[in-house]
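Notes for the one structure printed next.
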Amino acid sequence: MPKTAAPRPRRRASRPDGPARRSARGLDDLNPAQRAAVCHLDGPLLVLAGAGSGKTRVITRKIAYLIDVAGFEPRHVVAVTFTNKAAREMKARVAALLAGRDTTGLTVCTFHSLGLDILRRERALAGLKAGFSLLDEQDSDALLREILRHAGDDAAAGDARWAISRWKNDLVPPGAALSAAADPAEARHARLYADYERALRAYNAVDFDDLIVRPVALLRDHPEARERWQNRTRHLLVDECQDTNGAQYALVRLLVGARGMLTAVGDDDQSIYAWRGARPENLARLQQDLPGLEVVKLEQNYRSTGRILAAANALIANNAHLFEKRLWSDLGPGEPIRVVACRDEAHEAARIAGEILQRRHAKDGAFGECAILYRGNHQARPFEQALRELNVPYFLSGGTSFFSRGEVKDAMAYLRLLANPEDNAAFLRIVNVPRREIGPTTLEKLAAYASSRHVALLPACDEIGLSLAVEGRALERLRTFAGWIARHARLADADGAAAALRALLREADYEGWLREQGAAAKAAERRWENVQELLSWVERMQRDGDGASLADVVARLTLQDVLERDDEEAGGDRVHLMTLHSAKGLEFANVWLAGMEEELLPHRASIEADTIEEERRLAYVGVTRARRNLVLTFAEKRRRFGELLSCEPSRFLRELPQDTLRWEGGGADTNPETRLERGRAGLATLRSLLGGD
DNA sequence: CGGTTTCGCTTTTTT
DNA sequence: AGCGAAACCG
C-alpha cells in the first residue's frame, strides 16, 4: 500500500522526481547513489552528501527502509543529529513515511539527549546520584569563577571553560592535561580543570560536555553496559558527521561496536565548527577504523542553478580535501551571480532591503524566500534598521535564548535545587533571590563549614554544628531557607514540580521582586510571562513524559531550549536574517551574502590563526544556500569598534569564476549622479583587485 | 549591601 | 559603539 509523502517544508526545493507519491518500500524516486545509500545494509557506510544533494532525504528514507523493509525493530534504530531542530524535522519526516506503523522506541535525537539518556539509565555505573543536575554554559562559568576566586587566580572563567571543554571533547582527563601542558597558562587551566571536575562531583552535577564524555567512559569501562547499548543500537545513523568531536566519535564507535551497522552522513566541505572542537577528519578516520566501510557520494544537487554551483565548486576547489567530490545539477545555468560594491554598511543594508522589496512580486520573490547572510551577529543591526524603514517583515535568528534569561535561570535553579539538594550552583544562584538578607559573609562561612564537613551547602544548613560557624539571625535565615526548600521538595514529590515551583515563587513574591528589579513595568511583565511559560513547559513535560522525574524534566528542558516561538515566526513570510553558521541546512530562492570583505569573511581572527579554509567553507555554505539568485555584497568602508575603516573585498570573490559573475557598483542613492560615481568607484576598486582582467 | 561607574574586549553557536 | 563584568563608592 503506497503511503503519502511527508509534507515538505515550503522552503524546500521541488524535487525532480515527479509526483510526490512514495512509500517507504518503493525507492524509484531516489537517484542511484541515494538508493545505494538507503539499501546498503551489509556493513558500515559513509555517505558523502554534497550541499543540496538530498542528505536528510536519504537518512529519513533509510530509517523507514530499515524498519519497513529490512525488518528492524524501531527500538533498535538510533539516529543522532546535532540540533533539536534537525531531530524534530527528521522525526516528522520519518513519522510521515511510516504513517500508520508503530514506531515506538525509535530514537531520533541529538547526541546530547542520547548521552543524557545513557547516563539516566546507567546512573549508578556512571557514579551519579539520583536527581543529578545538568549545568549549562553559564552555570559552568559561574562555577569556574567561584573556583578561580578561591584559588586567587585572575584567569578569565570563559577562557578556562573553553580550555576545559576542548580537553573534554578530546577525552583528555585533568591529569593528562596537566602533564601535557605546554606553558604555565595551560597548566593553570589544567589544574582548574581538576578542581572543576571535583566540584561537579560534589554537586552531583554534569555539564554539557559530560553528556558525551561520561557515557564514553561508562561504555568503555563497563562491558555489560556496552553490550546493553550495542544490543539496543542495531543500526546507528549519524547526521552531519563532519561536526563530530573526538568524544562524539568515540561514542559512535562504542555504540556501533564490532557489528558495524553504521550510516554516517556528512560533508567535509561544510565543516564549519572546527573552532569548537569538531573534527572533520573523523570522516576519513571511519575508513581506517571500520574495515569494509562503503563510501557513497551524493553529487547531484537538486537545489541550485548551474552558475551558483559552478561558483561553489570553484571556491571550494581552493581547499585541501579529504574526499573529492563535484556537484552538478540539471537545473540550467540560471542568472549570473551579482557582486555589489557598497559605500558602507548602511548603504549595503539599504541596497539589499530595496532589492528585496523590488523582488517582492517576482516568482520566488516572497519575503520568506529571501535571506540575508553574514559572518557575525553584529552585522544584523543595519539590516534590521533598513528593513524596518521599508516595512519589510523579517525574522532574526540568533540572540538571547529563552534559557539564558535571568528569570528563567532563576526558576530553573529553584527546580534544580528541589531535585538535587547538592546542586551548590543552583543554591548560590537563588539563595538570595529574592532578597533574603543572606550575604556573601554568611555564605562564605557556610561554604567553609560545608567543605570541612564534606557536605553540600543546602544540607549543611540543617546541621547542628553549623551554629559554631554561623550565628544569630544569619543562621536563622539559612535554616528558614533550607526548611522552606525541603518543604517544597516534598510538595514536588506529592503534587508535581510545577505546583511546587508555583507555590515557591508565590511565597517568595518573585513577581514583586521582578518588578522591583527592572525599572520598566513592561520588562517585568515580560519576564514574569517567561517564568509562566517555563511553568507550563514543566507541567506539559511531567504530564507527557512517562515517569520522568523532576531532575529528568529539568535536564531535558536545559537541552531543549524552548524556542518554538521562533519557529512559528520563521514560518511566516519574512526575510531571514542570520549568520552563515545558522544558515547551514537551509535554502532560499534568493540569498544576499553580505560583508564579503577581508577581515570579515575571512574573519580577521581566522586570518591570524591561519584557518582560512574554514572561512572558505563558510563562504561555500553561504553560496550553496541559494536556489536561483545569489548576490554578494561588500562595503568599501565599515564602522568597526567605533572607527570607520576602509575595507578590501574578500579574497573569496577573486576565487569565483568570473564568467558566472556580474559586477555592480553602488546604487541605492536617489541621486543618479552619485549613483554613477559610486558605481565607478566600486568597479575601479574591483578592477585593481582583480589585477585588470 | 547595593547601585553606579569605569574598564576592556570584541567570530561563529549548540547542547 | 556597545556590552558585560569588575571595581568602587555611598
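First the proteins, then the strands, lettered A, B, ... as listed; each starts at 1.
Stacking here means ring centres nearer than 5.5 Å and ring planes tilted less than 30 degrees, and by that measure A:Trp275 stacks onto B:dT12.
Nearest to the side-chain atoms of A:Arg435 among the listed nucleotides B:dT14, B:dG3, B:dT11 stands B:dG3. Checked against B:dT11, B:dT14, B:dT13, the side chain of A:His603 finds its nearest nucleotide in B:dT11. Nearest nucleotide to the side chain of A:Phe641, out of B:dT14, B:dT10, B:dT13: B:dT10.
Residue A:Phe82 is in sugar-phosphate contact alone, with no base atom involved, counting any heavy-atom pair closer than 4.0 Å across all strands shown. At a threshold of 4.0 angstrom between heavy atoms, the contacts of A:Leu644 with the nucleic acid are absent. Looking at heavy-atom distances under 4.0 Å, A:Glu137 makes contact with a base. Across all strands, A:Arg381 comes closer than 4.0 Å to no nucleic acid atom at all (heavy-atom distances).
Atom-to-atom, NZ of A:Lys168 to P of B:dT15 comes out at 18 Å; the value is rounded to the nearest Å. Distance A:Lys584 NZ to B:dT11 C1': 16 Å, rounded to the nearest Å. Nucleotide B:dT13 holds its C1' atom 5 Å from the CZ atom of A:Arg276, rounded to whole Å. When rounded to the nearest whole Å, the span between CG of A:Leu618 and P of B:dT13 equals 10 Å. Across the protein-nucleic acid pair, A:Tyr273 atom OH and B:dT15 atom P stand 9 Å apart, rounded to whole Å. If you measure from atom CD1 of A:Ile607 to atom P of B:dT10, you get 17 Å, rounded to the nearest angstrom. Atom NE2 of A:His378 is separated from atom C1' of B:dT10 by 9 Å (rounded to the nearest Å). Separating the CG atom of A:Asp136 from the C1' atom of B:dT13 is a distance of 14 Å, rounded to the nearest angstrom.
For A:Tyr394 and A:His576, the ring centers are positioned 6.0 Å apart or more. Aromatic ring centres of A:Phe481 and A:Phe427 lie closer together than 6.0 Å.
No side-chain heavy atom of A:Ile272 sits under 4.5 Å from any side-chain heavy atom of A:Glu615.
A salt bridge is defined here as a Lys NZ or Arg NE, NH1 or NH2 lying under 4.0 Å from an Asp or Glu carboxylate O, and A:Lys409 with A:Asp136 meets this definition.
Nucleotides B:dT13 and C:dG4, compared at atom P, are 16 Å apart to the nearest Å. A gap of 16 Å separates the P atoms of B:dT12 and C:dA5, to the nearest Å.
Of the side-chain N and O atoms in A:Asn377, none sit less than 4.0 angstrom from OP1 or OP2 of B:dT11. Checking the phosphate oxygens (OP1, OP2) of B:dT13, a side-chain nitrogen or oxygen of A:Thr579 falls inside 4.0 Å.
Heavy-atom distances to DNA chain B give each of A:Ala605 and A:Ile438 a nearest nucleotide, and the one nearer the 5′ end belongs to A:Ile438. Heavy-atom distances to DNA chain B give each of A:Glu614 and A:Asn432 a nearest nucleotide, and the one nearer the 5′ end belongs to A:Asn432.
Summarising the geometry, atom OG belonging to A:Ser133 is positioned 12.0 Å from atom CG belonging to A:Asp207; distances are rounded to the nearest 0.5 Å.
Relative to the six-membered ring of A:Tyr273, A:Arg276 meets both conditions, a distance below 6.0 Å and an angle of at most 45° to the axis.
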